[in-house]
Structures are given as C-alpha cells and as structure tokens.
Amino acid sequence: MAETYDFRTVERKWQHRWERDGIYRATGASDRPKYYVLEMLPYPSGDLHVGHAKNYTLGDSVARMMRMLGYDVMHPMGWDAFGLPAENAAIARGIDPATWTAENIANMQRQVRLMGTSYDWTREVATCEPEYYRWNQWLFLRLYEEGLAYKRAAPVNWCPHDRTVLANEQVIDGRCWRCHNVVERRNLSQWFLKITDFADRLLADLETLPGWPERTRTAQRNWIGRSEGAQFAFGIEGLDAKIEVFTTRLDTLYGATFVAIAPEHPIVAQLKGIVSKKNAAAIDAFAESLKSKSELERTSLMEKAGLFTGAYAINPLSHEHVPIWVTNYVLSDYGTGALMGVPAHDERDYEFAKAHGIAIAEVVIPPGREPTEPLTEPFCEDGRLIASDDFSGMSSARARDSIAARLTALGLGKKTVNTRLRDWLISRQRYWGTPIPIVYCETCGEVPLPDEALPVLLPGHVQFTGEGSPLEQIESFVKTVCPRCGGDARRETDTMDTFFESSWYYLRYLDPHDERLPWEKAAADRWMNVDQYIGGAEHTVLHLLYSRFFYKFFHDRGWVTGHDEPFERLFHQGMVLYNGEKMSKSRGNVVGIDETADTNGVDAMRLFLLYVTPPEDTSDWTDEGISGRVRFVNRVWRACEPFFGGGASDVRALPQASTAEEKALVRAVHVAAKSAIDETTSRRFHYNATVAKLDELVNALTVAVQKAPESPATVYAAHALPVLLAPFAPHIAEELWERFGHDRSVHLEPYVRPDEAALAVDEITLVVQVNGKIRARVAAAPGLSEDAALALAMDEANVRAQTDGKQIRKRIYVADKLLNLVVA
RNA sequence: GGGGAAGUGGCGGAAUGGCAGACGCAGCCGCCUCAAAAGCGGCCGAGGCAACUCAUGUGGGUUCGACUCCCACCUUCCCUACCA
C-alpha cells in the first residue's frame, strides 16, 4: 500500500512504449470516419514553456478523445524551420543556420514528446529541408505560370548600413533593430503574389466559415477592406495631365477645396515643371524629409504635414480651381495615391485644412441645420446636398448615384471598388529561406526554371557578415545557364517569405514522402479539410489569410476538392501568464516544460492547463494551482491502488448498484463521460468543466474505497477511471490500466458511453416558486405529474402562506425542476 | 478613431432562460502524529439570534422566471489603425 506514485518513471516508460508501438498513426485505410486536428506549425526557437504546452495539450486531448470516440485521427506535427532567428544566430555567433535549426528541432521534438502528445511522427516535416522546400519552388512556378507571381518595383524598408530590406517589425522608431541606423524607404524590384485577385472570394467565403471565431472573420474583413466608391479625375491648370482620385463620398464632390497627393505620386515630377523654382525646391525638400520615415511613422505617429505645390487642380463638375498639396497623410499605395480634400465632411481633411488655412465648403447638411451657422466640426454622415448645382436637395445616397452617372456620361470617372488588401510581398534578401526558382538571362530576360531543375538548393558553408544578402556573394550559386537558350544567366538571390511554406504544410502532412508531387490528390480527398485548427490569435490575418488564398488556388487547379476553405473550424487558445505577465526569457519569467515535468509531472501539468480556465481565456500559471493537480493525480493513484492485480474488469457492463451511494458513484462516472464527450462534440472544448467532474468522481471514489471497497460499484468506478482520464492524463491512465491487468493500451479503448439509466437520479429537488420567488424545495421522485407537484407544493407551509386567499392565475411547470405559481 | 471579447466570493472559475457560487486554490477548525509534512473530515458571498433579506459592473427592457436574451452606459483586456 505504501507505494507512492512515481510519475517520473511512469511517464518516461509510456512515452517510450507509445513510440515503439506506433499506436497513434493515422491509418487512412480504415472504415472509421476521418478527423483532422491540427495545431499551428511551431517555429523551432529552441525551448518550450507551459504557454506552448497549453496549445498542444488542448489539441492532443481533442485528438485522443476523437480516437476513443471511433475516429481515424490525423494529428501531425512539424517545424516552420526557415526564418530570421537562425540567420541572426549565424551572424552573431558564427553558427551555421542549418545546424542551429536542427539542434533546436531535436530539443523541441524531445519536449513535445515529453508532454505526452499523440502525434503521428511518421508524417513530421521541417520546412527547411530540400524535400519540403522543393515543393515551395514547384508551387511558386505554378503561381508564376498563371501570372499570380510577378516582380515589380515597390517601396520597402531599407537599411543602408546592413544593405538589406527589413520587415516592418524590424524597424524600431525608424531605425534598424540591429545596427540602429535610420531606415530608408526604397523602391526595389520585388516578388509579389497576386492575392488581390482573390479578394472578393476571400471576403465572401468568410460567410462559409461559421466554425471560425467572429473576431477573426471580422479582422479579415477589415484587412481586406473592401470599399465601394468612385474614381474620377481632376484636371491640372496649365498641364495636359490629370490626377485620379478615389472617394467613397462622391456626394461631397462640390465641397472639395483642395487635392492632396502623396509625395511619391508620379505627377509630382510634372508639377515641378509648372511651378516656381522655389516651390519645386520646397517640394523636393518635403519629399526628402519623409523619405527616411517608415510607413508606420508617416501614418501613425506624425502630425498632418503638407506643402502647397503652387499648382491648381480643376474640379471636373464645378470647374472650381483648387490648390494641390503634397501631404504625409495620403498613402501612395492605397487607391490612386491622391484624394479630393473635403474639410467640411471628413475628419482628416478638416484637421489638415484647419492647420493650413484652407477653405471649408459645406455641401451636405443634416436635417434641421441652417447652413448659415458656422461649422465647428466636420459632418461626416449622410445628409442633404446644398450648393451642388442641380444635385442640391438630393439625399447623399441618391447624389452618389447621380454624380457617378454624370461623370460616367462625361467619360470623366466611374464607380469602382477599392480594397485595402495589397499583393503579398514574398521577396526576402535573406539566406535562410527558399530560393526563388527564377534566373535572369542576358538574352531571354526573366526565365522560370523547369520542374526538372528543382530543387534549387541553398548552398552551404556560407560566410555571414550581416551585410546584404549572403546568396548574392556566392558566385557558384549565382552563376548559372539559361534553361531556355543555354547562355549565361544569374540566379534570383531573393528567398521566400516563410509564410509561403506555412500556407500549405497541412497538405504535405497527408503525403509527406511523395517525390512526384507536393501531395497526392487522393490523400487530400481522404483527409481535407482540417476539421479543427488550433492556434494563437496572433495569426488572425496573415497566416490564415495566406492559407485561404493558397487553398483557393489549389482548388481552382483541381488539386483539392470539396469546400475551397482549408480550415473548417478554428480555435484560438488563450495565453498563459506568469506573475501577471507574458512569459519572456529576457525577463526570466518563464515556466519551462522540462522543469515542470520534473517537479510536478506531465499529467498534472496537462490537467492544470485544461482546468485553470476555459481554453480560449488567458490563464495564470501559479505554483499553488499546479500543486492542486499534483494532489489530484496522487488521489487518483491511491483510490485505484487497492484494485491492482485484482483482475481486469469489463467497464462496458454497468455494475449492480443498490444503495444511494453506489448509484451516485456510478452516476459520477457517466456524468464525467458525458461532459468529456459533450465538450468535444460541441467543439467548445471546455475541459475545465470535465476535469471538475473527474474531481467529483475521484472524491466519491475515495470515500467509497474506504467504506465499501468490495462493492461492484466501487470496483466499476475505479476501473472506469483510467478510461475517463486517458485523453487528459494519458500516462497515469495507461499505468493504472496495465496494473488492472489489461494488456492493450487504454488509448485504443472506446470512451465510456454515457448510459441513460446510469445518469438517471432516484430523487429530484423540485423548486417551488410563487411569483418567481423561491418559497420551497421539495424532494420528489422524478417524472411526477403537474398535479402531483402542485399537491406536494401545497403541503409546504411557506407556499400556503404566499397563496392562501389568492387566486392562482397561472402555473408554470418544468418537469423534475420547477413549479412556479403566479397569484393575483 | 474602428472592431472584438469579457465583467459572478479573498483568487481561478461553474451554471447556454429554471436551486447562483459546482470543482479547485487560499484561509480557518478538527482527526492522525512526540512533532511536522503528507493524508483524511468539516467550515468558508454579505447582513441577521432567527424565520428571512440582499447579492452575478451600472441603469432600463423582454419574460411567470434573467448571470444567461435586448438597449444604453461604465470598466478591463486583445486586435487594428490617417484606407480617402
């Protein structure tokens, strides 16, 4: 009896045995229905903490539940292994990125296994391996064939010291995060994917994803930013050219008192030709002052600044001449890079006009306003038009249509739709990524490589100086021959954004060793779509939008069939805080997997993470909290220990239960089973409630073991416990199951099926209300009639006191729960 | 500025229109022990001697009945942000 539960030995033992026996492999061939549960591909940063464990524990519990409910479960794991940290380690410490990454993967793999997860490791992928990234290149070529991958010049963040492009996140206060030099915006020739072609479908199909969190769908809607409006042109005084503007408020056209353009707008060069030398110089100075600012600084942090160019634009309908300004608040890559300024009806234009003494003309008024009153703030809603020629008197909505019709008739403009979404820039001037399979030939120009030339391998033994793209400096990589003419050619030295490989990895898992295709269509037919995707909310847009884009492309090509969305249901798990803060290595505020596995045990860790909050909420890791689950694990062990070696008992047969205690104990088994199953099938995953039911069961079992160890109900409850626990605390469940005398894994058992008879209770508490207030609670047999309930209620002095001498106007009876008497 | 989620004991939370506070943590009391730890048992929203009353951010509404549904407001967290 004195044997205490040795979680370290037991957990290690079963992790090895599961690995050896391969019990978690997805078969694909069985007659079971499929279920694909996936957690977002992790970046192998080196070390896992309990925040990661929350994500994997949830996914693993779902996978284990679904297996025990009879599904053929696909539950794979892999590594998002390209990316900057590996290259930075190389620059800082001279470690080869491939070596650094491989070491991290090895360590994280160990830690993921340590968590008792049930992944099918035969499907593991690492995106930095040629066997994976060659298919990146293959997919890139397919996109290229259809014009969905193209190269064009675009403004980017450029660090002049490191001579490389930086991602927006790597620019801090306008300076390079590594060398702290001021970052410039530069026009560079870059590779893009034409995601904007899919904007309408990406937007509309969000409606086909009811299993996604509303906030994520909303975030994607906002990101795509479809806005309906009109595009039309202003003429320019003294210049045979036009400035196109986009607006959603065509009804305010007569209120335009200026035209604002971005300093990068191509018209600026022509304008400089028609204004004074002084003005032209001022424009250059203004543009120069903005050049070094990142987009972030220009748009969010700066005051609205601007400069009158000296030129005037001509309103196409009112023929008014209005000043043209260059400003920092007009974005060069949204709409046309120019807008009509209507201070009376737009917040930003109002602010700008006030600051620079520009005229304000009111053309839309709310009902009841006298247009003679001076304007104290812009009116930005719809109203009725004034001072707008023959459009005056119209409602805003009608005016938008009428003005658009007039512009269209005159050939000056038309209704259009603008999207905020921009094409996806995938070029990176970095080494540790997928080489883009393009060469530049002196005679043929830009030439895609044929499929036989794949993979374009990343060269090894590279010197990292931190300056510029390492690939550019490797002559043996750059120098090649043109596949078309055989002449001299140079390879593209840009590599792909790592979001490229994570946009399709869920398909590679299904056919990970295929050497002819990225995946066999039959595999996708069997397994897609991903039934449940689990990951953090930080990916509400980027990864999830890119993956949707790719999947629609695959669908159009016929490589996948069915719903053209990859992820049927999506779940965002919450963060884990420690000491009230996000875990962070630099602040020493981390609870590591290795430490907690060693001090508390993995089962206790998993149970705590599931139990502490509903999975979507932020939870706090506390030492007290985890010790509560350690106690629970030990209680489970002690409650089951008396039955070791007593022979395996069939938990599928209900035991004889005669006393109220026995019935309650058997019921507790089925209540817990019902909770686990309901939380799984409802996709709510509130296993915190399930673990609480398991607590109640173990509490009842602990008492029963003391009072009635021989009772069939006690024996039954003890033997059922490992089955109930298996998805959540897989190690102790397996150990108990073996000690009970079973020779097959508990994880291959069917889950306990909730039984109606076992769930039924002998006695219910009927709540008696008078006018909605509780006046009595009476014990009764379930299923009693309304009349019988009324009779019981009227036996209660409290009920009589409230009803005597009054007429009962209405009775509400909820069977086995409540009787409400409404009296006059 | 826009959007999303959420406000329940000392704390984490349970209760998806029907007994508010399950379960756990912390705390208190007891048993066991020479003692401690562990374990086991009990108490644990507020007021009141009590019967009872009050109590789920605030104010309204719907309903026989609201933590739950609707409206407004307050607070907190997350995302996003000059998108014309």
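Within every chain, numbering begins at 1; the chains are lettered A, B, ... in the order of the sequence lines, protein sequences first and strands thereafter. Quick caveat: nothing in here was measured; it's all calculated off a predicted structure.
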Quick one: is [X] getting a side-chain N or O under 4.0 Å of the [N] phosphate, OP1 or OP2?
| X | N | answer |
| --- | --- | --- |
| Arg775(A) | U53(B) | yes |
| Arg631(A) | C25(B) | yes |
| Arg635(A) | C40(B) | yes |
| Arg217(A) | C79(B) | no |
| Arg638(A) | C40(B) | yes |

- Identify whether any heavy atom of Pro614(A) sits under 4.0 Å from a base atom; if not, whether one sits that close to sugar-phosphate; answer base, sugar-phosphate or nothing.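 If one applies the 4.0 Å heavy-atom cut-off, Pro614(A) turns out to touch the sugar-phosphate alone, with no base involved.
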
- Looking across every strand, which nucleic acid part, if any, lies under 4.0 Å from Val703(A) by heavy atom: base, sugar-phosphate, or nothing?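 Sugar-phosphate, backbone atoms only, no base.
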
Whole-Å distance between [N] [atom2] and [X] [atom1]?
| X | N | atom1 | atom2 | answer |
| --- | --- | --- | --- | --- |
| Lys693(A) | A15(B) | NZ | P | 8 Å |
| Gln769(A) | G65(B) | CD | C1' | 6 Å |
| Leu701(A) | C40(B) | CG | P | 12 Å |
| Arg683(A) | U16(B) | CZ | C1' | 18 Å |
| Asp346(A) | G1(B) | CG | P | 16 Å |
| Asp816(A) | G18(B) | CG | C1' | 13 Å |
| Glu624(A) | A26(B) | CD | P | 6 Å |
| Ile764(A) | C19(B) | CD1 | P | 13 Å |

- Task: Could you verify whether a donor N or O on one side chain and an acceptor N or O on the other, from Asn55(A) and Gln573(A), lie under 3.5 Å apart?
- Result: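 There is such a pair between these side chains.
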
- Any chance the side chains of Thr196(A) and Asp423(A) put a donor and an acceptor closer than 3.5 Å?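 Checked: Thr196(A)/Asp423(A) side chains pair up, N/O donor to acceptor below 3.5 Å.
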
Listed nucleotide nearest any side-chain atom of [X], set [options]:
| X | options | value |
| --- | --- | --- |
| Ile812(A) | G18(B), G12(B), A84(B) | G18(B) |
| Thr702(A) | C19(B), G18(B), C40(B) | C40(B) |
| Tyr611(A) | A15(B), G24(B), C64(B) | G24(B) |
| Asp695(A) | C52(B), C23(B), G3(B) | C23(B) |
| His686(A) | A14(B), A84(B), G4(B) | A14(B) |
| Asn699(A) | C54(B), C82(B), G24(B) | G24(B) |
| Asp617(A) | G18(B), C40(B), G13(B) | G13(B) |

- Can the ring centres of Tyr611(A) and Phe632(A) be said to be less than 6.0 Å apart?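 Here the rings of Phe632(A) and Tyr611(A) have centres that are no less than 6.0 Å from each other.
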
- Compute the centroid of each ring, for Phe499(A) and then for Trp424(A), and state whether the two points are separated by less than 6.0 Å.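 No, ring centres 6.0 Å or more apart.
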
- Message: Can you work out whether Val612(A) or Asn634(A) has the more 5'-proximal nearest nucleotide on RNA chain B?
- Response: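 Its nucleotide being nearer the 5' end, the pick is Val612(A).
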
- Message: Could you identify the nucleotide paired to G39(B), looking across every strand shown and requiring Watson-Crick or G-U wobble geometry with both distances under 3.5 Å?
- Response: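 Base-paired to C31(B).
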
- Item | Donor/acceptor link under 3.5 angstrom from Lys810(A) side chain onto base of C64(B) |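 Check fails, no donor-acceptor contact within cut-off.
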
- Query: Side-chain donor or acceptor of Glu347(A) under 3.5 Å from a matching atom on the base of G1(B)?
  - Reply: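 Side chain to base: no pair present.
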
- Item | Expected output: side-chain Arg629(A) to main-chain Asn600(A) donor-acceptor under 3.5 Å |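 Between the backbone of Asn600(A) and the side chain of Arg629(A) there is no qualifying donor-acceptor contact (under 3.5 Å).
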
